[in-house]
Amino acid sequence: MDRLSRLYRPSLALLTDLYELTMAYGYWKSGTAEREAVFHLAFRHCPFHGGFTVACGLAYAIDWLSHLRFDDEDLAYLGSLTGVDGQPLFERPFLDELGRMEFRCDVDAIPEGTLVFPHEPLVRVQGEIWQAQLVESALLNVINFQTLIATKSARVCLAARGEPVLEFGLRRAQGVDGSLAAARAAYVGGCDSTSNVLAGRWFGIPVRGTHAHSWVMSFGSELESFQAYAQAMPNNCVFLVDTYDTLKGVRHAVEVGRWLRSQGHKLLGVRLDSGDLAYLSIEARRILDEGGLHDTFIVASGDLNEQLIASLKQQQATIGVWGVGTHLVTGFDEPALGGVYKLSAIREPGGAWRRCVKLSEQVIKSSTPGILQVRRYERGGECVGDMIYDIELGCGDPRLIVNPHDETRRKRIPDDAQHQDLLVPVFRQGRLVYDQPDLAAVRESTRQQLDRFSVSIKRFENPHEYPAGLELRLHELRKKLILEARGFR
């Protein structure tokens, strides 16, 4: 996939925070740039007060890393930056080094569409510290947002209970690139289509759309507007019926639907965009059925989210298709995933690894040291626990995981549980080695993943906390390093 680089034709090497470049310069200036480092990208809690998260954005990250080059314009801009004394921020030899740079790190990542949990590394980057540092901001930008939206989409689709969900968020999305990334991530999470035509073109997502209230208002009557639309687009008729009087609008739709049927076509659906959607959908269904339009579906839209959809289902609403916009593409009630990118191991070239830990007064913000992998255990077709382990320490026996926030909370993995390691090779020495699945396959992977987890983690109210914890020896190493950093030996 090279959609990102094709959409943004100029170099994207400067898609970074300044401090990444100043640290890279500092490593270069101090002669430590060739130190080998390991960084992990992870998040600290599931968004939306939920029990799971859907990994997304890896394809964008691969695209960005594959085209990571500083061009002449990038270097000229960096050369123009000055410090508070008016002198250049970066020396010319360092800029020359940037101009010659080829990405040489190893990258491992959890494939898109995989359900993931707090503190699990979604991405591991290993290589010269200055390069591994430089890619931090872009990886976080891409992975954080798309993972957030894919998770929201999965929740909305769970609420819809298998009925189609259409992503309608272009006009409320956070800018051009936000709308495209959101459409892609929403599709990964389970949405069936998008209203965003550019996203349809770039990603191959099915596109759907009806008409606006302005179409109805531009004619002398609602009935006339439906007739004109049916004549113009007899193979794509979904009428928005709430411009004036919703139920009268449904009756007008039935009248035009009968005409369409006489012409060898059919009225696909009617859309409700306001009002008491439960009551109106039930009445609309009755009117459609009485008119003989039993196969005409009812679409609902209008600031929907997973909680509203679940409530409407509980009220026996007769809605068959759901159009979700603002709450989906913006993440709405939780605008950022909060993923972080932390150094966890470092060594001199050819030397032994030194594990690193970052402390905080908040337990949740203390990092996990090591070169990490995630092992997922499954039993009887259901996932039963994830073990975060250091690849050099390995997975100990007994198979015991420790909650990162409370060491008294532990879980023993059943002896007969099967396992799979989630992080897979993506780049080796900067060379892409990962065979990327197409977007439809990623979307299907999300669906299959959701089927393998207990319904208890997928509920919206007080979801069960899936057991994802540290392997016992890694937990002991982390505790030892934290105590040492705090002066206890």
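As the structure is a computational prediction, the values presented were derived from the model and not from experiment. If you read the sequence from its start, that first residue is 1, and numbering goes on from there.
A donor-acceptor pair under 3.5 Å is formed between the side chain of Ser153 and the backbone N or O of Ala186. Side-chain atoms of Asp17 do not come within 3.5 Å of backbone N or O of Glu20 as any donor-acceptor pair. In this structure, Glu36 contributes its side chain and Pro349 its backbone to no donor-acceptor pair below 3.5 Å. Not one N or O on the side chain of Trp130 forms a donor-acceptor pair closer than 3.5 Å with the backbone of Trp28. Between the Gln449 side chain and the Leu115 main chain, a donor and an acceptor come within less than 3.5 Å of each other. Without hydrogens or angle criteria, Ser179 side chain to Ala173 main chain gives no donor-acceptor distance under 3.5 Å. Judged by distance alone, with hydrogens and angles left aside, the side-chain atoms of Gln126 form no donor-acceptor pair with the main-chain N or O of Asp106 at under 3.5 Å. Without hydrogens or angle criteria, Gln146 side chain to Val142 main chain gives no donor-acceptor distance under 3.5 Å. Put simply, the side chain of Arg171 never gets that close to the backbone of Gly325: no donor and acceptor are under 3.5 Å apart. At distances below 3.5 Å, not a single donor-acceptor pair connects side-chain atoms of Asp108 with backbone N or O atoms of Leu423.
For Ala183 against Ala199, the heavy-atom pair with the smallest separation is CB-CB, 3.6 Å. Here the closest heavy-atom approach between residue Ile413 and residue Ala417 is recorded as CG2-CB, 3.9 Å. Of all the heavy atoms in Ala485 and Leu359, the pair that sits closest is CB-CD1, 3.5 Å. For the residue pair Leu474 and Pro369, the shortest heavy atom distance occurs at CD1-O, 3.4 Å. When every heavy atom of Ala132 is checked against every heavy atom of Gly127, the shortest pair comes out as CB-O, 4.5 Å. Residue Ser367 comes nearest to Val357 through the heavy atom pair O-CG2, 3.3 Å, listed as atom of the first residue, atom of the second, then distance.
Within 6.0 Å of the CG atom in Asp451, the count of heavy atoms belonging to other residues, nucleotides or ligands exceeds 12. In Gln448, the CD atom is crowded: over 12 heavy atoms of neighbouring residues, nucleotides or ligands sit closer than 6.0 Å. Shown here is Gln418, whose CD atom has no more than 12 heavy atoms of other residues, nucleotides or ligands within 6.0 Å. Around atom CZ of Arg473, more than 12 heavy atoms belonging to other residues, nucleotides or ligands sit under 6.0 Å away. Crowding of Arg104 atom CZ: a count of heavy atoms from other residues, nucleotides or ligands under 6.0 Å exceeding 12. The local environment of CZ in Phe332 is sparse, with at most 12 non-hydrogen atoms from other residues, nucleotides or ligands closer than 6.0 Å.
Annotation: side chain of Arg155 is in contact with side chain of Gln307 (closest heavy-atom distance under 4.5 Å). Annotation: side chain of Glu465 is in contact with side chain of Arg409 (closest heavy-atom distance under 4.5 Å). For the pair Glu136/Phe39, no side-chain contact is recorded, criterion being any heavy-atom separation below 4.5 Å from C-beta on. Using a 4.5 Å cut-off on side-chain heavy atoms (C-beta onward), Ser11 and Glu73 make no contact. Lys458 is listed as a side-chain neighbour of Leu450, based on a closest heavy-atom distance under 4.5 Å. With a 4.5 Å cut-off on side-chain heavy atoms, Tyr60 and Leu180 count as touching. Residues Thr53 and Phe43 meet the side-chain proximity criterion, which asks for heavy atoms closer than 4.5 Å. The side-chain heavy atoms of His40 and Arg124, taken from C-beta on, include a pair separated by under 4.5 Å.
Salt-bridge annotation for Arg100 and Asp96: absent, with no side-chain N of the basic residue lying under 4.0 Å from a carboxylate O of the acidic one. The residues Arg375 and Glu471 are annotated as not salt-bridged, no charged nitrogen and carboxylate oxygen being separated by less than 4.0 angstrom. The residues Glu348 and Arg35 are annotated as salt-bridged, a charged nitrogen and a carboxylate oxygen being separated by less than 4.0 angstrom. Electrostatic pairing of Lys479 and Glu476 counts as a salt bridge here, judged by a charged N lying under 4.0 Å from a carboxylate O.
Residue Leu41 is tested with Val135, Ile110, Val123 for a side chain to side chain contact (heavy atoms under 4.5 Å, CB included); the sole match is Val123. Residue Asp386 is tested with Arg376, Arg399, Lys411 for a salt bridge (charged side-chain N to carboxylate O under 4.0 Å, His left out); the sole match is Arg376. Each of Phe52, Tyr377, Phe117 was scored for a ring pair (Phe, Tyr, Trp, His ring centres under 6.0 Å) with Tyr466, with one residue passing: Phe117. For the side chain to side chain contact (heavy atoms under 4.5 Å, CB included) test with Cys191, the passing option among Val324, Leu328, Leu166 is Leu328; the others fail.
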Query raised in the report: Given Cys56 and Ile149, is the side chain to side chain contact (heavy atoms under 4.5 Å, CB included) satisfied, shown in steps?
Result: CA-CA 8 Å; Cys56 192; Ile149 303 306; over 6 Å; no
Query raised in the report: Which is it for Leu304 and Val156 under the side chain to side chain contact (heavy atoms under 4.5 Å, CB included) test, yes or no, and what are the steps along the way?
Result: CA-CA 9 Å; Leu304 294 175; Val156 168; over 6 Å; no
Query raised in the report: Which is it for Tyr27 and Leu134 under the side chain to side chain contact (heavy atoms under 4.5 Å, CB included) test, yes or no, and what are the steps along the way?
Result: CA-CA 11 Å; Tyr27 293 133; Leu134 274 174; over 6 Å; no
Query - Verdict with supporting geometry, Tyr434 and Leu58, side chain to side chain contact (heavy atoms under 4.5 Å, CB included) - result: CA-CA 11 Å; Tyr434 180 60; Leu58 179 58; 4.0 Å; yes
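Note that CZ of Arg69 and CZ of Phe103 are 10.0 Å apart. Values are rounded to the nearest 0.5 Å. In this structure, His464 NE2 and Ser456 OG are separated by 5.0 Å, a value rounded to the nearest 0.5 Å. To the nearest 0.5 Å, atoms CG (Leu272) and CG (Leu277) are separated by 6.0 Å. Rounding to the nearest 0.5 Å gives a distance of 12.0 Å between OG1 of Thr326 and CZ of Phe168. The distance from the CG atom of Leu470 to the CG atom of Leu477 is 10.0 Å, given to the nearest 0.5 Å. With values rounded to the nearest 0.5 angstrom, Leu481 atom CG is found 12.0 Å from Arg486 atom CZ.
Pairs passing the ring pair (Phe, Tyr, Trp, His ring centres under 6.0 Å) check and including a residue from residues 378-412, sequence neighbours excluded, read His119-His405.
For the pair Lys29 and Phe94, the NZ or CZ position fails the cation-pi test of under 6.0 Å to the six-membered ring centre and within 45 degrees of the ring normal.
No side-chain donor from either of Arg172 and Thr330 sits under 3.5 Å from a side-chain acceptor of the other.
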